[in-house]
Amino acid sequence: MNASYESAKSLYSGLGIDTDKALEQLRKIKISLHCWQGDDVGGFENSGSLSGGIAATGNYPGKARNAQELMQDLDTALSLIPGKHKINLHAIYAVTDSPVPRDELQPAHFDAWVRFAKERGLGLDINPTLFSHELAKDGLTLSHPDESVRRFWVEHCKAMRHIGAHFGKELGQAALNNIWIPDGYKHVPADRLSPRARLKASLDEILSEQIDTNYLIDAVESKLFGIGVEAYTVGSHEFYMNYAAKNNCTCLLDGGHFHPTEEVADKLSSMLLFTDKVALHVTRGIRWDSDHVVALDDSLREVAKEIVAANATDRVLIGLDYFDASINRIAAWVIGMRNMQKALLAALLTPHATLANMQAEGRFTQMFALQEELKSYPLGTVWDHFCETEGVPVREQWLPVVEDYEKKELAKR
Ligand code: RNT
Ligand code: ZN
């Protein structure tokens, strides 16, 4: 063990924190790595441009053009990220010889991914794709007033639940199936109730089939607004929070889908008191874009702190969700994953009980002083030790690997 880790260990032990134990816990926390950062949410359907009020901006060269390239890119990223995680897929990433209509997708269309995950000891998550499609071009899906359109999307979501359950069975760990829809209006609606009533009916139908939660966990993801749907979003936070509470499914909180000064971290304790699980899309909202690459900022640290302090590392399902086409896409994966892990580590190295006691006793001077001093404790040294023992590059030493891969592989695309 190196001398700097030893000295960090003894500093933290002065706070009653066992760094080895913290790393043991960190090793067990799986983060779902979103495949869609690798190709700007393109998918393999060749369905045309990205729709649904989301956008990947930038034109950095070398994006993955097919399943083989995306998998190879993921492998490169995973080799630079400590631990064993999950890969988060979307319906549009089915690996098929010819395009399969989304309402007809079957588990077999994801065989390549199941093989990929099995060979690497990874888990898989899934999302129905309710955008970038002919039948979503007016921006409405599960809340569509046209019954035939709504039906198509209901059937698509049902199909994806079976695929998720298949992942769960095959890989021995539950898959998260997360429903996000783009539905909303640019114009102040005359009728806010009917679209939500239709969404409710659609969800009831989609979730009516009971599926073993050892294989599949269903989640619903809210949003505040999207590009082109600024006045009204059908699947709002209040809608889904109520829906999930009543129907025993999981709420997914995307950090970029709330008001600018609203923090997802603050919502976790309120939700964990009432539900078994909460799912997260960790991202970084900047002005209109809800999907910048995750940085190690205060907002991320607070989220991690809430998860760890509530002893809920197995109840909060952590996934990343951003798409940045302006920088190396593999670096974007690595930076986001490592930041999420660093934030979790910072939380695991925090003396929560001591701080909570200070709060309970009204000793706010002491609480604030310790919170601030903790910020300059040697988190980085413990993190480096973790990377070293997990066999991945320490500090920014992963960057040359990505640069080299860019020269050898991405430049050829
Ligand atoms: C969009 C949602 C959604 C998507 C992915 C691709 O605002 O955050 O989760 O980003 O499903
Ligand atoms: Zn999201």
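Excluded from the calculations below are hydrogen atoms, water molecules and symmetry mates; all remaining heavy atoms, backbone and side chain alike, are included. Ligands are counted one by one from 1 in listed order, and the atoms in each one are counted from 1 as well.
- In this structure, the protein non-hydrogen atom closest to atom 9 (O) of ligand 1 is Glu221 OE1, 2.7 Å.
- Note on ligand 1: Tyr322 sits outside its first shell, no heavy atom being nearer than 4.0 Å.
- Those atoms of ligand 1 with a heavy atom of Asp254 less than 4.0 angstrom away are 8 (O).
- Within ligand 1, counting atoms from 1 as listed, the ones closer than 4.0 Å to a heavy atom of Ile54 are 1 (C), 7 (O).
- The minimum heavy-atom distance linking Arg198 with Arg150 is given by the pair O-NH1, 3.9 Å.
- When each atom of ligand 1 is checked for a heavy atom of His281 under 4.0 Å away, the hits are 9 (O).
- From the protein, the heavy atom lying nearest to atom 4 (C) of ligand 1 is Asp321 OD2, 3.6 Å.
- Of all the atoms in ligand 1, the ones that sit under 4.0 Å from a non-hydrogen atom of Phe323 are 10 (O).
- Here Glu209 does not pair with Lys158 in a salt bridge; the nearest charged N to carboxylate O distance is not below 4.0 Å.
- Scanning all protein heavy atoms for the shortest distance to atom 7 (O) of ligand 1 gives Lys223 NZ, 2.7 Å.
- A distance below 6.0 Å separates the ring centres of Phe131 and Trp180.
- Ion pairing of Arg151 with Glu155 is present here, as a side-chain N (NZ or NE/NH1/NH2) and a carboxylate O approach within less than 4.0 Å.
- Put simply, the side chain of Leu379 reaches to within 4.5 Å of the side chain of Leu345, judged on heavy atoms.
- Considering the Zn ion (ligand 2) as centre, the angle to OD2 of Asp254 and to OE2 of Glu221 is 90° (10° rounding).
- Checking only distances, His257 does come within under 3.5 Å of ligand 1, N or O to N or O.
- Contact check for Pro82 versus Trp383: side-chain heavy atoms found under the 4.5 Å cut-off.
- Checking each of Arg102, His90, Glu45 against Thr129 for a side-chain hydrogen bond (donor to acceptor under 3.5 Å, both in side chains) leaves exactly one that passes, namely His90.
- Residue side and main chain included, Asp321 places an N/O/S atom under 2.8 Å of the Zn ion (ligand 2).
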Apply side-chain hydrogen bond (donor to acceptor under 3.5 Å, both in side chains) to Thr283 and Asp321, showing your working.
CA-CA 5 Å; Thr283 179; Asp321 178 19; 6.0 Å; no
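- Heavy-atom proximity to atom 11 (O) of ligand 1, evaluated over Gln37, His90, His34, is greatest for His90.
- Put simply, His281 gets within reach of the Zn ion (ligand 2), with an N, O or S atom under 2.8 Å from it.
- By the 4.5 Å heavy-atom criterion applied to side chains, Met271 and Met241 are counted as neighbours.
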